[in-house]
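As the structure lists them, so they are numbered: ligands from 1, and atoms in each ligand from 1.
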Amino acid sequence: MIILGIETSCDETAAALYRGDAESGAIIAESIASQIATHARFGGVVPEVASREHLAALPAMVDQLLDAANIDWPAIDHLAVTAGPGLMGALLVGTSFARAAGAVHQIPVVPIHHMEGHLLAPGLSDRLPPFPFITLLVSGGHTQLVLVQSIGDYTIIGQTLDDAAGECFDKSARLLGLPYPGGPEIAKLAIGGDAGRFKLPRPMLNKDNLHFSFSGLKTAVMYAIKGVGGIEAMDQTMRQDMAAAIELAVCEVLAKKSLRACRQHHAPHLIIAGGVAANATLRQLLTQSSREAGVTLHLPQPQHCTDNAAMIAYAAAQRLAAGFTAPTEWDATPRWPLDAINTQTAS
Ligand code: KG4
Ligand code: ZN
C-alpha cells in the first residue's frame with residue numbers, strides 16, 4: 001500500500017510517500033518547505049501569508065516527490081491530509097488539494113488530526129509500543145499528556161491551563177531578543193550556559209495532578225530580565241545563563257509530569273512528540289529519568305518531531321489497519337480537540 005501524506009496546517013508545507021502497512025513500512029520520499037524565514041520578521045506566523053506560501057509550494061512539491069520516487073498517481077492507494085487543528089486558510093490549501101487530486105485520480109482521502117500524527121510519529125523509526133502507553137504532546141499550541149489505549153482511543157489526562165510549552169519558549173525567546181521560533185534559538189543559546197544562575201519557578205510541579213501552566217514562567221523570565229537592568233544590560237554569558245535556566249525549567253516540569261503520568265496510569269511506555277520533543281535537554285532528561293523509573297522511552301527522530309507529512313501518512317496507515325475507513329463527509333477543522341476523534345468508529 002502506498003500513501004501520499006500532505007501537511008499544511010501551520011508554517012511548513014510538506015508531502016511524503018509511505019509504503020507498507022501498519023506493522024512494517026517506510027517513508028520512501030519526503031519533502032518539507034519551511035516558511036520560517038518569511039514569518040520570522042513578523043515575530044510569529046501570519047495566517048494569510050502562510051496560506052499563500054502553501055498554495056505556491058504544494059503542487060510543485062508533490063510533482064517533484066512523485067518524480068523522485070518514480071511513482072505515478074495510479075500507484076497511490078490513499079491520500080492522507082491534515083484536516084485540523086491549525087490555521088483555517090492553511091488547512092484549506094492542503095485539504096482542497098487532496099480532495100481535488102482524490103477526485104481526479106479516484107483515490108480515497110483520509111483526513112488526519114495533526115496531533116494524532118505527532119502522537120504516533122515515533123513509529124516511523126521504531127515500532128509503536130504496546131498499548132496502553134502515555135504520550136507527552138508538546139508543540140507550539142499544545143501541551144498535553146495523553147493515555148493511548150489503542151489507535152483512535154485517546155484520553156487527555158493532563159494539559160496546560162494557559163500557554164503551551166512551545167509558546168513559553170517562543171515568548172521567552174522574544175523577551176531575550178531572539179527570533180521566531182524561539183525553542184531552537186533558546187536551545188542553541190543555552191549550550192554552555194549555567195542554568196543555576198537565575199532561579200526560575202517550576203510551575204505546578206508540587207500539585208499532585210498532571211496539568212501544566214507556563215504563563216507564570218514567562219512572566220518570571222520577564223522580571224528576571226528586568227531585575228538585571230533589562231536585555232541591553234545583559235552580556236552574552238548572562239543571556240546564555242538565562243536561556244539555560246528557561247530551558248531547564250520547562251524541561252524539568254515536562255519530564256517529571258510525564259513520569260508521574262506513567263506511574264499513576266501504570267503505563268510502562270512513554271512517547272514524547274511535537275516540536276518541543278526535538279529539544280536535546282528534554283530528550284536527555286527523560287532518557288535518564290525514565291530509565292531510573294523503569295519506563296521505556298520512545299523518541300521520534302528530531303526531524304519528525306516538528307511538523308512533517310511523514311507522520312500524517314503514517315497515522316493514516318495506522319488508522320486504516322485499525323479498521324477506520326476514509327469518510328465521505330469531512331471538513332477542515334481549525335479547532336478540533338484530540339479526544340473528539342474518539343467518536344469516529346472503526347468498521
Ligand atoms: O509541532 P510543531 O513543529 O508545530 C506545531 O504544531 O505547533 O512545534 C513548534 C514548536 C515551537 O513553539 C518551537 O519553538 C518548538 O516547537 N520547538 C522547540 C525546538 N524545536 C521546535 N522547542 C524547544 N527546543 C527545540 N529544539
Ligand atoms: Zn505540529
Side-chain angles (χ1 to χ4, degrees), residues 5-14 16 32-36 39-40 43-45 47 50 81-87 90-91 94 112-122 135-144 146 159-160 163-176 178-191 193 212 214-215 217-218 243-255 271-286 299-312 314-315 334-336 338:
I6 292 167
E7 156 66 42
T8 63
S9 67
C10 190
D11 58 350
E12 324 279 353
T13 313
I32 301 183
S34 174
Q35 304 176 3
I36 284 175
H39 298 289
V45 178
V81 63
T82 302
L87 304 169
L91 290 167
I112 295 293
H113 191 291
H114 180 80
M115 300 315 288
E116 186 180 37
H118 276 306
L119 191 152
L120 301 174
T135 298
L136 170 70
L137 273 177
V138 267
S139 69
H142 289 76
T143 297
Q144 292 180 329
V146 183
Q159 60 188 325
T160 183
D163 291 355
E167 199 177 349
C168 179
F169 273 123
D170 295 339
K171 288 178 175 172
S172 302
R174 201 190 286 201
L175 293 170
L176 273 175
L178 298 170
Y180 174 86
E185 295 291 331
I186 289 201
K188 229 186 304 163
L189 185 61
I191 295 170
F212 303 90
F214 287 109
S215 77
L217 179 54
K218 165 206 65 195
I246 296 166
E247 188 180 45
L248 192 64
V250 174
C251 294
E252 262 188 28
V253 174
L254 293 174
I271 282 180
I272 63 169
V276 180
N279 185 276
T281 299
L282 178 62
R283 294 166 82 95
Q284 262 164 24
L285 262 182
L286 266 172
L299 298 166
Q301 291 174 320
Q303 75 268 26
H304 291 143
C305 288
T306 45
D307 290 349
N308 65 87
M311 68 183 191
I312 302 303
Y314 180 71
R335 285 176 185 274
W336 190 10
L338 176 63

Any chance the side chains of N308 and Q303 put a donor and an acceptor closer than 3.5 Å? no
Pair Y180-D11, side-chain contact (heavy atoms from CB on, under 4.5 Å): steps then yes or no: CA-CA 12 Å; Y180 174 86; D11 58 350; 3.7 Å; yes
So does H118 have any N/O/S atom less than 2.8 Å away from the Zn ion (ligand 2)? yes
Is there a heavy atom of H142 sitting under 4.0 angstrom from any atom of ligand 1? no
Can you tell me how far the SG atom of C168 sits from the CG atom of L254, to the nearest 0.5 Å? 9.5 Å
Is there a heavy atom of P184 sitting under 4.0 angstrom from any atom of ligand 1? yes
From the Zn ion (ligand 2) out to just under 2.8 Å, does an N/O/S atom of H114 turn up? yes
Distance to 0.1 Å, residue and atom name: give those for the protein heavy atom nearest to atom 24 (N) of ligand 1. N279 ND2, 3.0 Å
Hey, does A187 come in under 3.5 Å of ligand 1, counting only N/O atoms on both sides? no
Name of the D307 N, O or S atom nearest the Zn ion (ligand 2)? OD1
Select the closest option to atom 14 (O) of ligand 1 among I186, V250, D170, V45, judged by heavy-atom distance. D170
Would you indicate which of I36, I246, V138, D307 comes nearest to atom 2 (P) of ligand 1 when only heavy atoms are counted? D307
Give the single entry among G117, G183, C168 that approaches atom 22 (N) of ligand 1 most closely by any heavy atom. G183
Among all protein heavy atoms in this structure, tell me which lies nearest to atom 15 (C) of ligand 1, with the distance rounded to 0.1 Å. V276 CG2, 3.9 Å
Output yes when the distance from some N or O of ligand 1 to some N or O of G140 is under 3.5 Å, and no in every other case. yes
To the nearest 0.5 Å, what is the distance between CD1 (I32) and OG1 (T306)? 6.0 Å
Numbered atoms of ligand 1 (with element) below 4.0 Å of H118, judged on heavy atoms: 1 (O), 6 (O)
R174 atom CZ, over 12 foreign heavy atoms within 6.0 Å: no
Calculate, to the nearest 0.5 Å, the distance between atoms NE2 and OG belonging to H39 and S34 respectively. 8.0 Å
I'd like to check which ligand 1 atoms, numbered from 1 as shown, lie under 4.0 Å from a non-hydrogen atom of G166. 12 (O)
Which atoms of ligand 1 sit under 4.0 Å from any heavy atom of F169? 22 (N), 23 (C)
Using distance alone, with no hydrogens and no angle criterion, decide if E7 and H114 have a side-chain donor and acceptor under 3.5 Å apart. yes
With a 4.0 Å cut-off on heavy atoms, does H114 reach ligand 1? yes
Distance from atom 20 (N) of ligand 1 to nearest protein heavy atom, with residue and atom: G275 O, 3.4 Å
The reported gap from OG1 in T143 to CG in L136 (rounded to nearest 0.5 angstrom) is 7.5 Å
Close-contact set for ligand 1 against G141 heavy atoms, below 4.0 Å: 7 (O)
Spacing of E252 atom CD and T281 atom OG1 [to the nearest 0.5 Å]: 10.5 Å
Find the distance between CG (L120) and CD1 (I312) and round it off to the nearest 0.5 Å. 9.5 Å
Could you go through F214 and E167, starting from their C-alpha distance and side-chain angles, then the distance that decides it, and tell me whether this counts as side-chain contact (heavy atoms from CB on, under 4.5 Å)? CA-CA 8 Å; F214 287 109; E167 199 177 349; over 6 Å; no
